[in-house]
Every structure is written in structure tokens, then in C-alpha cells.
Asker: 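Have a look at the structure that comes next, please.
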Protein chains: 2
Amino acid sequence: MYVVNVAEELIMRRTKEDAQKTYDAILDAAVAHFSQRGVANTSLEDIAESANVTRGAIYWHFKNKGEIFDSIHERFYQPLAALLLEDIETSHNDPLQQLHDICVKLLLDFTLDLKKRQAAALFMFGCHYSGDLEKYWDKHHKKKEDSLKIFSRYFEKAKKDGRLPASASPEILTLSIRCYMKGIISEYLNDVENFNLEKNAEPLIAQFFSNIK
Amino acid sequence: MYVVNVAEELIMRRTKEDAQKTYDAILDAAVAHFSQRGVANTSLEDIAESANVTRGAIYWHFKNKGEIFDSIHERFYQPLAALLLEDIETSHNDPLQQLHDICVKLLLDFTLDLKKRQAAALFMFGCHYSGDLEKYWDKHHKKKEDSLKIFSRYFEKAKKDGRLPASASPEILTLSIRCYMKGIISEYLNDVENFNLEKNAEPLIAQFFSNIK
DNA sequence: GACAACATACATTCGTGTATGTATAATTAA
DNA sequence: TTAATTATACATACACGAATGTATGTTGTC
């Protein structure tokens, strides 16, 4: 049982800041439960208990479980998309090295940040976009596609700079790195204890670039 | 709604072969529902309806939902593991080419076989090994690891034959192809309509091998 | 005193597991 | 060979708990 109580006390709280605290506590508790048991196997009572509130508090802040789920997505994807955008905007003389570095960085981030691990596990394995969650698929999928499109810009830059072998296709490379990253993160999250990502992140990514650099 | 009725008629049937038919119909209906909505969001009534039986029939053949889930796993992994074992046992003069071919074959198989797609989607995204399903994790995980260990044998062969560049490590390559395959299948199953696997399977795998062959 | 931020209580639905009923097939007895 | 018996392969009915959503109560804040 890795679920921890996020809120510290069970006192009555009515100020704006305190309301924000319970809001955050609910989201934190939700990510923890969702990632461990899946959205469908998590009851609002589970979340409430971990956040040291009652379901009443949850229904005050959120309409239902689906909106909690969606709120988590926003909180998780906003920084990720921003990070990627920021990286591609900063000029760098070797786009392939730059992509190499950001990929390693993204992977190592997971080893350092439990919250990110939980959120990623949630959206990769912990949810199914059917039933109540179906309506969020388009929105979430679109955000994911937008972020992933950024990958292609590194290869286009490299191509333009003549840094790609003639045999290499930017389209395939984009699809390839996308799948590769997805697979690494998947396999890591599926077995965090036995997959030594700290050690393997750089060699794995280096392996990918070894033929085009 | 892609769920189809698998059994044809609703008459009373009591022969051994007919019992086997309903058993199969239940499993088929279960895979379809599990892969589309997830195990947790699927009720036994859903399955029964698609299989043209009642929950009574399900409880006759299976103890509960978990055992249906486990039965599906057996039916799916047995042929897969057998295929991989058979391939590695057959002698081939170029192990890297052999691995390339089997990877492409595995991927293209998904484009041809709905059942395999459903089963893979089920075990990748449709289930969470917690609660009732937790007890199957060890067993399923072990079978997966056993199959994946086979990948390393191709690279060890290649290394022994001096077919690997000195810089390449068999361990990293094994981990790498494993993640890569997982990622390709993941991304494909996540968006079957837009991911053209028939077209991209071979280029993607070729891209992986381009630097070590 | 009004409203925000909850807690508590209640009604209802849904899924599960089990108990029981029943028609047919398989087996045995004659 | 056939009639009686038993076991199989389900369908039906019921009892129960769990989760949801809502209605209402309560407390502190501004």
C-alpha cells in the first residue's frame, strides 16, 4: 500500500487557500489511486479517505470522477508540452544531439519524480477511454499528438542542415523515436523495481542515434 | 459498437461439443469487451449478452471474471511463445536478419488478426493487475519475461558470429528491441485507424537494424 | 446574516455470487 | 433395446454489498 494521506489534519477549513489545499490533496490522492488500481477500480471514497476528506468535499470541487481524471491530465500535460516547446524554440547547433539530450532528460525525470511516474502510468495503463471517460479521448489525444509533432521538427532541422544520412527518412525517424520512447517508458513503468532506467536511459537513447549521427 | 454475438442460436444445447462452443463464445465475447472497455468496466452480463447466454452459463464454465481473464491469457500467449521458440530453434545463417524478419512478421500479424489485436490491447491497456487480478501478475509477468528472453539469443548468436559492431552491446540491444517493439505495438493499438502498420512495420524495424547490420 | 466549504444521510442503481429450477444428454438397469 | 436414473449444461431468481449522486445539515468566514 503506497497510498499516503496527503492532507495533514481533519480540521474544518474555510479560507480560499485552504480550499485550494483540499483541491490539491484530492488530485494528489486521485493520481496515486488511479495509477495503482486504475480509474475504474478506484472509488471516490478511496480518494476521499486518502485526502482526509469526505466524498462531500470531492463533489464540491468536482462534478464526478471523470472531471477529476481530466483535471489530472491538465496538470500533467501542461508542463510537459511547455518543456518540449521551450526546448525546440531554443536554438542549438546540433538538432540530433539536442533531441538525444531531451529524450534522456525526459526519461531521467521519471526516475526523480514520483508524481510524473504516477501520472504517466495513469494515462498509459490506468485508464480506458470508454464509458464515462470516452468524452475526453479526443481532447487528450489531440494534446498528445501536438506534443509528439514536435519530434519531427528536430529531424527536419537536421535534414535541412544536411546532418541526416541520405537513407534516413525524417518521417520514419519521427515515428520511430516516438514508438521507442513510448516503449521505454512503458516497460519501465510496468516494472519500475527491475528496470534500471537511471543506468539505461542514456545507452538506450544513444543506441537509437548511433546510426544517424 | 463493435461487439458481436458469437453464438448463433439460443436453443438448449447439452452435448460436449456444444458446451465447448459456448465456452469459446464466452471467451471471444470477453476479449472483445475487455479490449474495448477494459476488464473493470465490463460486467459478466455484458459478456453473457454478447455470447447469447446468461450469467449462469458463465458461472458454470468459470469461477469468476478473473478466471476468464486468465483463460484468455493462456489462449493468447501459448501460440505466441511457441512461435518465438520455434523460430529461434530453426537454424539460420544470419541471426540479425532472422530477428528482423520475425519482428516484422509479428507486427504484420496484428494487422491481419483481430483476435490477436484484441488480446494484445487487453493485456496492454485493458487490465490492471490489482484487486481481483493481482494474483495473476506473477504468472503472466513470468511468461512475458520468458518470451522476451528469447530476443537476447539472437544477439548472442550474432555476437558469437562476429556480426555485431564492437561498440554494440547485446544487453542494450536486447532491451532496446524489446522497448521498440512494445512501443510500436502500443502506438499502433492506441490508434489503429491512423497508424498504418502494414506500410510502416518493415521500415520501422529496418531503421532499428540499419546501424548494426 | 449570507455564502462558501465542506460533512452527513439517504435513495437508487448496478454487479456479483449463490441457490434453485429444468431440459437434455449420457449412463445404467432391466 | 428400451426405460429409468443420474449428471451435465445451462437459465432463472434472489440476496447482498458497493458505489454513485443528491439532498440536507453544519460550521466557520467575510
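Keep in mind that the numbers below use all heavy atoms, side chains included, and drop hydrogens, waters and symmetry copies. Numbered from 1 within each chain, the chains take letters A, B, ... in sequence-line order.
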Asker: Checking B/Asn41 now: which residues fulfil side chain to side chain donor-acceptor pair (under 3.5 Å) with it, not counting sequence neighbours?
Answerer: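 Testing B/Asn41 for side chain to side chain donor-acceptor pair (under 3.5 Å), a comparison that skips the adjacent residues, returns none.
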Asker: Let me know the distance between OH of B/Tyr23 and C1' of D/dC10, rounded to the nearest Å.
Answerer: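 In whole Å, D/dC10 C1' and B/Tyr23 OH are 16 Å from each other.
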Asker: Are B/Arg37 and A/Glu134 within salt-bridge range, i.e. N to O under 4.0 Å?
Answerer: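 No salt bridge links B/Arg37 with A/Glu134.
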Asker: Return the nearest nucleotide to the side chain of B/Tyr59; candidates are C/dG17, D/dA9, C/dA5.
Answerer: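 Given the options C/dG17, D/dA9, C/dA5, the side chain of B/Tyr59 is closest to C/dG17.
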Asker: Write down the distance between CD1 (B/Ile58) and C1' (C/dT18), rounded to a whole number of angstrom.
Answerer: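 Roughly 15 Å, once rounded to whole Å.
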Asker: Distance check needed: D/dG21 C1' versus A/Trp60 CH2, whole Å only.
Answerer: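 After rounding, the gap between these two atoms is 16 Å.
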Asker: For the pair made of CZ in A/Phe62 and P in D/dT20, what is the distance, rounded to whole Å?
Answerer: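 Going from CZ in A/Phe62 over to P in D/dT20 covers 15 Å.
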Asker: Would a 4.5 Å heavy-atom cut-off, applied to side chains only, mark A/Phe151 and A/Leu173 as touching?
Answerer: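 No, every pair of side-chain atoms sits at 4.5 Å or beyond.
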Asker: Considering only NZ, NE, NH1 and NH2 on the basic side and carboxylate oxygens on the acidic side, decide whether B/Asp70 and B/Lys135 come within less than 4.0 Å.
Answerer: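 No salt bridge links B/Asp70 with B/Lys135.
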Asker: Whole angstroms only, please: what is the CD-P distance between B/Glu49 and C/dT16?
Answerer: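 It is 14 Å, rounded to the nearest whole Å.
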Asker: Using nucleotides 8-13 of chain C, report all nitrogen or oxygen pairs with the protein that are shorter than 3.5 Å.
Answerer:
none

Asker: Strictly below 4.0 Å, N to O, side chains only: are B/Lys65 and B/Asp132 in salt-bridge contact?
Answerer: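 The answer is no: the pair does not qualify as a salt bridge.
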Asker: 5'-most contact on DNA chain D: A/Asn41 or B/His61, nearest heavy atom basis?
Answerer: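 Closer to the 5' end of DNA chain D: B/His61.
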Asker: Please state whether the rings of B/Phe155 and B/Phe208 are parallel, tilted or perpendicular, taking 30° and 60° as the class boundaries.
Answerer: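 Answer is tilted, since the angle falls between 30° and 60°.
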Asker: Under 4.0 Å: is that the gap between some side-chain N or O of B/Thr22 and OP1 or OP2 of D/dC10?
Answerer: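 For D/dC10, OP1 or OP2 has a side-chain N or O of B/Thr22 closer than 4.0 Å.
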Asker: If you find the nucleotide of DNA chain C closest to A/Gln20 and the one closest to B/Lys16, which residue's nucleotide is nearer the 5' end?
Answerer: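 This one resolves to A/Gln20.
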Asker: What residues form a salt bridge (charged side-chain N to carboxylate O under 4.0 Å, His left out) with A/Asp87, not counting sequence neighbours?
Answerer: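 If we apply the salt bridge (charged side-chain N to carboxylate O under 4.0 Å, His left out) test to A/Asp87, skipping adjacent residues, there are no hits.
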Asker: Please report the distance, rounded to the nearest Å, between CD in B/Glu45 and C1' in C/dC14.
Answerer: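 Rounding to the nearest Å, CD of B/Glu45 and C1' of C/dC14 are 11 Å apart.
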Asker: Starting the side chain at C-beta, find the nucleotide from D/dC10, D/dT20, C/dA25 nearest to A/Lys65.
Answerer: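 The listed nucleotide nearest to A/Lys65's side chain is D/dT20.
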Asker: Rounded to whole Å, please give me the gap between CD in B/Glu17 and C1' in C/dA26.
Answerer: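 The answer, rounded to whole Å, is 12 Å.
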Asker: What integer distance in Å separates A/Asn64:CG from D/dT22:P?
Answerer: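 These atoms are roughly 9 Å apart.
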